[in-house]
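All ligand and atom numbering here is 1-based and tracks the order in the structure.
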Amino acid sequence: MEKFIVEQSPPLKGRVKIGGSKNAVLPIMAASLLTEGGCTIKDVPPLKDVYTMKDILTDLGAVVIWNEKEGSVHIQAQSIAKKEASYELVSKIRASFLIMGPMLARWGEAKVPLPGGCLIGARPVDLHLKGFSALGAEIEIAHGMVTAKSKGLKGNKIYLDFPSVGATENIMMAAVLAEGQTVIENAATEPEIVDLSNFLNNLGAQIRGAGTDTVKITGVDKLKSTEYTVIPDRIEAGTFMTCVAACGGDIELENILAEHLKPMIAKLKEAAIEITEMQNGIRIIADPTRPIKGIDIKTMPYPGFPTDMQAQFMAMLTGCQGSAVITETVFENRFMHVPELLRMGADIKIESRTAFVEGVKNLTGANVKATDLRAGAALVTAALKAQGVTEISNIYHIDRGYCGFDEKLRSLGAKITRLVMEDIKEEQNE
Ligand code: UD1
């Protein structure tokens, strides 16, 4: 087991390079199954979830070569060794369900374990399956496995009841080799969807409208090969922004796309944080002697405020002037960081899906537990400004989504160290 020991830190100063997006690279790796041509993906972050996706693809029979020094992954899916994914591997990450669309499209059959719920919510896959059925696949669920079969998918019109990121991606991938046109209505518009669409179009797919709520896919017979660089991780960037806003300082983030950070930038500016956009970068300045302003936040599908930033913003707002109201509309149980923040002296009350935060003058260090990836990042954000020492356990959750989080923070002057202890079992999230 590893722990973070965080001491109250001075204002953060310096530059940080943001890595490639975890949530973009996972679907893109799955999509590499759609072609025998071979794909090289660049700026791949060396994260645990990405290694798990590599293992899943390898287990299916793809050849995956990861050049860690260059940060590139080459995937060659000439043929497939089996049409059933391993429960042991798939149960490690929810995003593994994204192999279903490509397998169904390419080999006409896929058997993938149901991903199951996780701490932040039940997270069903009904919308993914509704899409596959509309394309003509036969779906069977038995013994915790989903089997999808088709003798040839056919394009159709699919309306999503909710703009699910995963369902939009999975249906898009299934439809690229289908006969005729598929239209996904009420599609998710997240930047990671656009990245997947760009990757697939580079391979020869015909997708139009990704990034809007109507995505049109005209099926093609075959895809080619490509080399593709994934977008920077907007959630990693947002997390560093909240760390500075909470603790004070003056930092620059490199390798970002400011367009993707719009909702976070707007809210930070509303909280009186100074933000300047530069070429391929952004500067964030926060006065450590002045508490940030209380602001209200409601999580929404993109371009609304991202649910993956809700916990970090809440941690930042525990020290606000006045109060803040935070409403979570995307997941039904994403306030697990609240009891931990309360242990550090925060004043937060929850009513249903809304958290009412009253700003306090000081947080105090305590022993706390990361319950999921972003909740863990929120605890680090809070710990940087808390008086005394905070010990954060279960940090394997944090390592799933942030590469060298502690190293990058140390380079900015934060007082954070990693304690290595014995091994423990890991749970899934995101
Ligand atoms: C992705 C992101 C995750 C982010 C989330 C929302 C990845 C790997 N993960 O997760 O970090 O928090 O988007 O921005 O990209 N739902 C259904 N039925 C379905 C599918 C989803 O009811 O078939 C519900 C979910 O339970 C949830 C909501 O829709 O309440 C949003 O889920 P979705 O957008 O699908 O998130 P993921 O793709 O799982």
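No N or O atom of A167 sits closer than 3.5 Å to an N or O atom of ligand 1. Between E169 and ligand 1, not a single N/O pair is under 3.5 Å apart. Close N/O approach between N23 and ligand 1 is found [any backbone or side-chain N/O within under 3.5 Å]. Residue A95 has no nitrogen or oxygen atom sitting less than 3.5 Å from a nitrogen or oxygen atom of ligand 1, judged on distance alone. Looking at ligand 1, you won't find any N or O of K22 less than 3.5 Å from one of its N or O atoms. Taking only nitrogen or oxygen atoms, main chain and side chain alike, V165 reaches within less than 3.5 Å of ligand 1.
Near R334, with a cut-off below 4.0 Å to any heavy atom, the atoms of ligand 1 are 12 (O). The distance from ligand 1 to the heavy atoms of G166 drops below 4.0 Å at these ligand atoms: 35 (O), 38 (O). Close approach of ligand 1 to H128 is summarised as follows: ligand atoms under 4.0 Å from at least one heavy atom of the residue are 23 (O). With ligand atoms numbered from 1 in the order given, ligand 1 contributes 18 (N), 19 (C), 23 (O) to contacts under 4.0 Å with heavy atoms of L127. Taking every non-hydrogen atom of T307 and a distance limit under 4.0 Å, the qualifying atoms of ligand 1 come out as 6 (C), 12 (O), 14 (O). Contact atoms of ligand 1 toward V330: 27 (C), 28 (C), 30 (O), 31 (C) (distance under 4.0 Å to a heavy atom of the residue).
At a threshold of 4.0 Å, the pair E36-K222 counts as salt-bridged, since one of the basic side-chain nitrogens sits closer than that to a carboxylate oxygen. Ion pairing of R334 with E328 is absent here, as no side-chain N (NZ or NE/NH1/NH2) approaches a carboxylate O to less than 4.0 Å. Electrostatic pairing of D59 and K82 counts as a salt bridge here, judged by a charged N lying under 4.0 Å from a carboxylate O.
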Going through the distances and angles, do K48 and D399 end up as a salt bridge (Lys or Arg N to Asp or Glu O under 4.0 Å)? CA-CA 7 Å; K48 268 205 177 142; D399 289 334; 5.6 Å; no

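For the salt bridge (Lys or Arg N to Asp or Glu O under 4.0 Å) criterion with E391, the lone passing option out of K369, K3, R343 is K3.
Between the side chains of H128 and N170, at least one donor-acceptor pair of N or O atoms lies under 3.5 Å.
Ring geometry, W66 versus Y51: the interplanar angle falls under 30°, so the pair is classed parallel (tilted spans 30 to 60°).
In terms of modelled atom types and a separation under 3.5 Å, the side chain of K130 and the main chain of Y159 share a donor-acceptor contact.
Across F162, Y302, F331, heavy-atom proximity to atom 29 (O) of ligand 1 is greatest for F162.
Residues passing the ring-ring contact (aromatic ring centres under 6.0 Å, His included) test with F405, sequence neighbours excluded: F240, Y402.
The side chain of D308, and not its backbone, has at least one atom closer than 4.0 Å to an atom of ligand 1 (non-hydrogen atoms only; side chain from C-beta on).
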